[in-house]
Amino acid sequence: MNKRNLHLGFLLTMAMVWLGVNTAQSKEGMWIPTLLEVVEDDMQAMGLKLSAEDIYSINHSSLKDAVVHFNGGCTAEMVSSRGLMLTNQQCGYDQIQQQSSVDNDLLTHGFWAMNLSEELANPGVTATFIDRIEDVTRRLSRVCVGLSGEEREKRMKEEMALIVKEATEGTGLDGRVVTFDFGNMHCLITTRVFKDVRLVGAPPSAVGKFGGDADNWVWPRHTGDFSVFRIYADLQNNPAEYSDDNVPYRPAHHFPVSLDGVQEGDFTMVFGFPGRTEQYLTSDAVEHVITRLNPMRIAMRDEALAVINSARATSDELRIAYASKQSSVANAWKKWKGQNRGLTELHALDVKRNLEARLTLTSGTTVIDDIAAVNATYFPYLEARSLFIEWVYYGPDLLNYAHGFQGLIEGVEGEEREALLTRLRGEEAGFWKNCDPLVDKDLMARLVTGYLKWMPEALVPQGLEEEVSKAGGGVEWAESLYDKSVFDNPETMAKLLANDNPKSWAKLEKDPMYQLVEKLRSHYFTEIAPQYGQLRQEIDGLSAAYTRSLRETFPEEVFPVDANSTLRLTYGKVEGSAPYDGMQYNALSTSRGILQKYIPGDPDFDMPARLVELLETRQHGQYADESGDLVVCFTGSNHTTGGNSGSPALNGMGHLVGINFDRSWESTMSDILFDPSRCRNIMVDIRYVLWVIDVYAGAGHLVDEMTLVNSSSKSGLE
Ligand code: ASP
């Protein structure tokens, strides 16, 4: 087969695989929007009333024009012609926290802008729209014919740069070529990035985070996990930096909002930016996740959470300061626990081993053994990388803070210096608002101990172990570190920044905090990251062969492409589940459950009196279902992952019925092994969102801005 036919063959195989979805019970898969035609029939048979072209088109406005990549990590959706946008509360959490103080605690009480002038700016936050996705695999293969190794890499990069330049020059668009399926496919993705994104509304934590960590990753759920933002543009409707002159953005499409609600069995689709799945981990890698990687990451976060949770319980200042950090640390910590349990319960190792044995036997490939051979060298680097991330990025904040001064300490000059100084001065107040030196010191003590315990011996930075044991242990070592460093002293740092004396900066080179972070970083970037990167590349190359081989050998089976933070559509049904014997989950939860869970005074289950009263007196308004109940959340068999947080959940007409925000406890392993019988995504019912905005918060002007529809409305594209 020549290259062209091979690529067509690949697409065809994928198409056949996806058509195979018709017969398989599974809705596994996160479909690339340009290739939706292959599942169009299946979706329509399940209840979709639109065409693939209505969902994704470059010729006219389509559903994709209302889907936003929110700040690079979450999804959001447009719900008005004036730039109004919904996402999860967890996605806007940083911004809400940044705007909060003890006297003006938006996290606890919520926030509602009653007109445009009250909307709050969020410097640095981005809202990205997809302009176009184009498969450029063939073009890249063509220019690389006959090349290999570094030469091929180089040629590939040049061509990618050229592709991006051709597509974006003079257009105001951003662009990049993205690798799919370990390199079996490449797509050019052009985007429009908006930078003036203002906070419009956030429910109180008692709604947006109702149930807290206890209910996170759990069904039945009663959380109103949403927040409201607005995108602003310049007078020509183009992206612009924040300015008072900017006006609300007019999107090419916004989702009509359905008041009909959903029933068990209804078609749903979730359109968003799923972050990362690892469905082609081989059995040895899954075993490594279960026995080493997850236990070490969980243990590091156990330590961090012990410090953060007890600090937060001592004062309102610390509760607010560490709210966002607590959420991000606890979220993956709980997921990894569920993941290990799920992988074990599903006998993931047997499932993987069986598939690998079948493939090896049928096709004669050696790819599984080849991957295992590289993995044996790779695992220690993977562990070292994870531990670096846990300590330096999720641990004490002073490490990265100290590193931020590197340019000044090294004496950069000119414009670069001015820009750095301005940035550091600007960030100072925000940093100390969220960092308490004593809490930071406790984090340091606990995490250095965890790091040394779990780190593969040969990869520990030289001298660290001796240093800590000489000090008498992690606690004593951290004590002396913070004693000698000036980075934990806000007043000293403020003075240094105000005086900007090159000699004082130069002296900080000897500061133990600075020395520590630079040592850890240089060790990581010279001893770990390059080897990790190279081995990862080898594994990706082999994994590309693995997935190709799976599709060629078993053309009748489903082998979807892993998520990679690009726009995907996933579809399924509103469905409950029965994950364990004798247990049956309904698909819908109602406000009755909120009242059942209500525990006055409990940090996770308390509620403001007004909310309790409105729910107890069943003041559900036009948002009630036909029996008068207020539906709060629902589950579906849509295959989602992190990054899908905030994604629009749409009915067959393309109307917004909910906002995706989580998966059930029994689904947490779905990034590695998807099980259609028990994997369920969790969405907040859009009628509950509207109820909170309108009835609870009295911000009905926001609902008035939306296009509300019910079953008599015809299309999702008005
Ligand atoms: N709430 C989840 C998260 O935090 C969303 C998901 O993974 O399904 O990533």
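We use all heavy atoms of the structure for the numbers below, so side chains are in, but hydrogens, waters and symmetry mates are not. Whatever order the structure lists them in is the order used to number ligands and atoms, beginning at 1. From a predicted model like this one, the values you see are computed outputs, not experimental measurements.
- No close placement of the Tyr451 and Phe388 rings is indicated, their centers lying 6.0 Å or farther apart.
- Taking the six-membered ring where the residue is Trp, Phe210 and Phe605 present perpendicular rings, their angle passing 60° and hence far from 30°.
- If you check which protein heavy atom lies closest to atom 9 (O) of ligand 1, you get Gly642 CA, 3.4 Å.
- Here the side chain of Arg680 pairs a donor or acceptor atom with the backbone of Pro676 at under 3.5 angstrom.
- Looking at ligand 1, you won't find any N or O of Asn216 less than 3.5 Å from one of its N or O atoms.
- Of all the heavy atoms of Thr641, the ones lying under 4.0 Å from any atom of ligand 1 belong exclusively to the backbone.
- Of all protein heavy atoms, the one closest to atom 8 (O) of ligand 1 is Arg663 NE, 2.8 Å.
- Residue Gly643 has no nitrogen or oxygen atom sitting less than 3.5 Å from a nitrogen or oxygen atom of ligand 1, judged on distance alone.
- Residue, atom and distance of the protein heavy atom nearest to atom 5 (C) of ligand 1 are Ser645 OG, 3.3 Å.
- Put simply, part of Gln90 is less than 4.0 Å from ligand 1, judged by heavy atoms.
- Checked by atom type, the side-chain pair Ser670/Ser667 shows no donor-acceptor distance below 3.5 Å.
- Ring geometry for Phe182 against Tyr280 counts as perpendicular: the plane angle is over 60°, on a 0 to 90° scale with 30° as the lower cut.
- Atoms of ligand 1 lying under 4.0 Å from at least one heavy atom of Asp662, given by number and element, are 1 (N), 2 (C), 5 (C), 8 (O).
- Contacts with ligand 1 closer than 4.0 Å are made by backbone heavy atoms (N, CA, C, O) of Phe661 only, the side chain lying farther away.
- The aromatic rings of Trp691 and Tyr688 lie parallel to each other, their planes meeting at an angle below 30°, with 60° marking the opposite boundary.
- Side-chain atoms of Asn294 and Asn340 form a donor-acceptor pair, as typed in the model, at a separation below 3.5 Å.
- Ligand 1 has Asn331 within reach: a non-hydrogen atom of the residue lies less than 4.0 Å from it.
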